[in-house]
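The chains referred to below are lettered A, B, ... by the order of the sequence lines, with proteins before strands, and numbering in each begins at 1.
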Number of protein chains: 2
Amino acid sequence: MPPPQDRNISASFAKGLAVLEAFDGDAARMTLAELARRTGQDRATARRGAMTLLAAGYLRQEGRDFVLTHKVLGLAGGFLQANQFGRLVQPVLNHHAGQMQTEITLAVRDNNRVMLLAQSTLVHGPVSYGFTAGSSLPLLHTSLGRMLLAAVEPDEAEQILRHSPCVRHTAQSLSHLPDILAEVDRARDTGLSITNGEFEPGITGFATLVGGPGAKALVVGSSAPEAGLSKTRSAQICASLQQCAADLRQAGVLSAI
Amino acid sequence: MPPPQDRNISASFAKGLAVLEAFDGDAARMTLAELARRTGQDRATARRGAMTLLAAGYLRQEGRDFVLTHKVLGLAGGFLQANQFGRLVQPVLNHHAGQMQTEITLAVRDNNRVMLLAQSTLVHGPVSYGFTAGSSLPLLHTSLGRMLLAAVEPDEAEQILRHSPCVRHTAQSLSHLPDILAEVDRARDTGLSITNGEFEPGITGFATLVGGPGAKALVVGSSAPEAGLSKTRSAQICASLQQCAADLRQAGVLSAI
DNA sequence: GACAAATGTGCGTATTGCGCACACAATATC
DNA sequence: GATATTGTGTGCGCAATACGCACATTTGTC
């Protein structure tokens with residue numbers, strides 16, 4: 001017999017949120033049947049959730065497919081505006097990105113994924129990898145992810161790792177948990193995480209900690225093509241990231257989480 | 001007697017969404033009592049909505065205040081990723097922002113407000129005005145807003161205007177509806193909207209249409225300080241915006257709405 | 001045309017959520 | 001410190017809401 005429901009929680013609202021969350025970067029458009037499967041809900045329940053979101057403007061319909069609309073950006077805008085990301089965070093990222101001539105990204109851990117919170121806009125840089133604020137990246141094979149794991153206690157980091165999907169993105173992707181843990185430990189010790197082509201082929205990723213307690217840690221990261229990456233250049237990027245982290249702390253970004 | 005409810009809509013879910021939407025840039029943090037007032041709901045109803053959002057991770061609690069979390073960015077990320085904003089839109093905005101040496105913004109109309117969808121901000125530019133993707137701007141006194149109104153039929157534009165708040169942001173803000181309508185008509189005729197210090201003092205705004213049917217039109221805009229803005233420079237910005245719009249159409253941005 | 005997959009909807013059921021009221025807590029003001 | 005105001009937590013009766021199932025229909029694919 002299921003426990004009596006928590007009277008503080010609206011189960012219908014929670015089911016509806018699950019329908020909204022089913023739409024992500026991997027599942028951009030879904031039929032009702034797919035939506036029911038993905039949420040584990042009865043088709044009629046999922047349908048009511050989808051029709052409510054349709055009426056509210058968060059979904060639109062293309063034939064049989066439901067498609068997420070830009071209205072979700074308005075929700076995100078509330079958070080970004082409230083925390084003055086445009087005035088405090090973006091200029092710092094842009095400034096350092098300009099100096100380093102690379103993109104810079106601010107990220108946080110979201111369960112066992114990396115969530116990008118903000119990203120510099122760079123005029124003359126290498127080709128964009130297509131990520132934006134709100135993008136979700138893997139935890140295990142990115143420098144951002146490793147740095148976020150380095151921000152939590154070792155045994156908790158191991159727990160998180162054990163419950164995270166370990167997908168080999170490239171031939172270089174580490175696949176043994178002890179190897180990944182060793183890299184996380186190294187990031188914890190040095191304050192820097194560097195990955196070589198483990199998520200995107202031929203791309204070196206860098207990340208350092210901005211601050212914040214374990215589960216709510218913020219990190220900044222950058223990336224550069226491996227080819228033509230000298231030790232001097234690498235050290236320069238690391239130093240700039242650490243300066244960027246200091247400037248972000250100064251700007252008060254840690255109070256946003 | 002109220003009409004029987006639409007069986008396709010979950011009223012509890014809709015109420016919950018209204019609680020989530022109550023958190024915006026102007027109301028970053030709210031007590032339960034404030035939330036009930038803002039949503040017009042009974043305090044117990046608003047409380048259940050807030051507690052459900054708390055459990056789902058969209059709100060956190062600071063004393064008596066509920067605060068929006070970054071989790072809403074994940075929802076936005078689904079839309080941005082699905083429409084490849086990072087790969088198709090951002091590079092175009094960045095390219096033209098670099099060439100023009102101004103910020104560029106992509107926007108859509110959201111009821112009687114302007115919603116920013118994407119933006120390229122400049123490394124060495126005038127002080128950032130603090131807006132980001134998801135930010136909401138007024139419709140009546142921005143070049144983006146005027147251009148969005150120009151995209152709909154004149155009588156519909158007038159209806160929207162009549163139902164929009166007419167706040168005087170600066171001494172230069174037009175306040176007579178016929179004057180604003182005339183500016184909208186001019187934007188419709190010329191394909192460009194230019195405003196002088198009506199929303200931010202001393203700032204000239206430019207906007208042009210990217211495309212899309214009336215209610216779903218997309219526009220791009222830019223801004224520059226009025227001081228030191230020559231006719232040549234003005235014309236240059238307008239031409240670049242129009243080229244940017246053409247490149248965005250080419251990149252397929254219109255299918256995102 | 002056959003088959004699979006998806007959809008719309010009616011309906012019985014009971015659970016869920018609503019809203020009110022009461023008591024208590026926290027904060028603000030004097 | 002007292003008082004007033006505002007905010008909060010929660011129990012509870014009630015009825016309406018939402019669930020989930022089943023059936024018929026539609027759409028898509030081969």
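Going from atom CZ of Arg109(B) over to atom CG of Leu218(B) covers 12.0 Å, rounded to the nearest 0.5 Å. Atom-to-atom distance recorded for Leu59(B):CG and Phe23(B):CZ is 4.5 Å, nearest 0.5 angstrom. To the nearest 0.5 angstrom, Met147(B) atom CE is 8.5 Å from Arg188(B) atom CZ.
Atom CD1 of Ile9(A) and atom C1' of dG17(C) are 13 Å apart (whole Å). When the C1' atom of dT6(D) is taken as reference, atom CG of Leu35(B) falls 16 Å away, rounded to whole Å. If you take CE of Met51(A) and C1' of dC19(D), they are 17 Å apart, rounded to a whole angstrom. A straight line from CG of Asp65(B) to C1' of dT8(D) spans 13 Å, rounded to a whole angstrom. Atom pair Glu34(B):CD and dT27(C):P shows a separation of 14 Å (rounding to whole Å applied). For Asp6(B) and dG8(C), the CG to C1' distance is 13 Å, given to the nearest whole Å. As rounded to whole Å, 17 Å separates atom P of dC20(C) from atom CZ of Arg47(B). Computed from coordinates, the Phe66(A) CZ to dA6(C) C1' distance equals 12 Å when rounded to whole Å.
Phosphate proximity of dA18(D) to Ser12(A): absent, as no side-chain N or O sits under 4.0 Å from OP1 or OP2.
Within the helix from dG1(C)-dC30(D) to dC30(C)-dG1(D), the inter-axis angle between the opening and closing five-pair segments is 70°, rounded to 10°.
Applying the ring pair (Phe, Tyr, Trp, His ring centres under 6.0 Å) definition to pairs two or more places apart or across chains, those involving residues 148-169 of chain B are His141(B)-His169(B), His169(B)-Phe199(B).
Looking at heavy atoms from C-beta onward, Val114(B) lies in side-chain contact with Thr142(B) at the 4.5 angstrom threshold. Residues Lys216(A) and Val108(A) form no side-chain contact, since every pair of their non-hydrogen atoms from C-beta on lies 4.5 Å or further apart.
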B/S/- contact track for nucleotides 20-30 of chain D, protein heavy atom under 4.0 Å: BBB---BSS--
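Taking the six-membered ring for Trp and the full ring otherwise, the centers of Phe85(B) and Phe79(B) sit less than 6.0 Å from each other.
Residues Asp24(A) and Arg38(A) are paired through a salt bridge, judged by an N-O separation under 4.0 Å between the basic side chain and the carboxylate.
For Leu32(A), the listed nucleotide lying nearest its side chain is dT7(C); candidates were dG7(D), dT7(C), dG9(D).
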If you apply the rule side-chain hydrogen bond (donor to acceptor under 3.5 Å, both in side chains), what do you find for Asn94(B) with Thr121(A), and how did you get there? CA-CA 7 Å; Asn94(B) 290 353; Thr121(A) 54; 4.5 Å; no
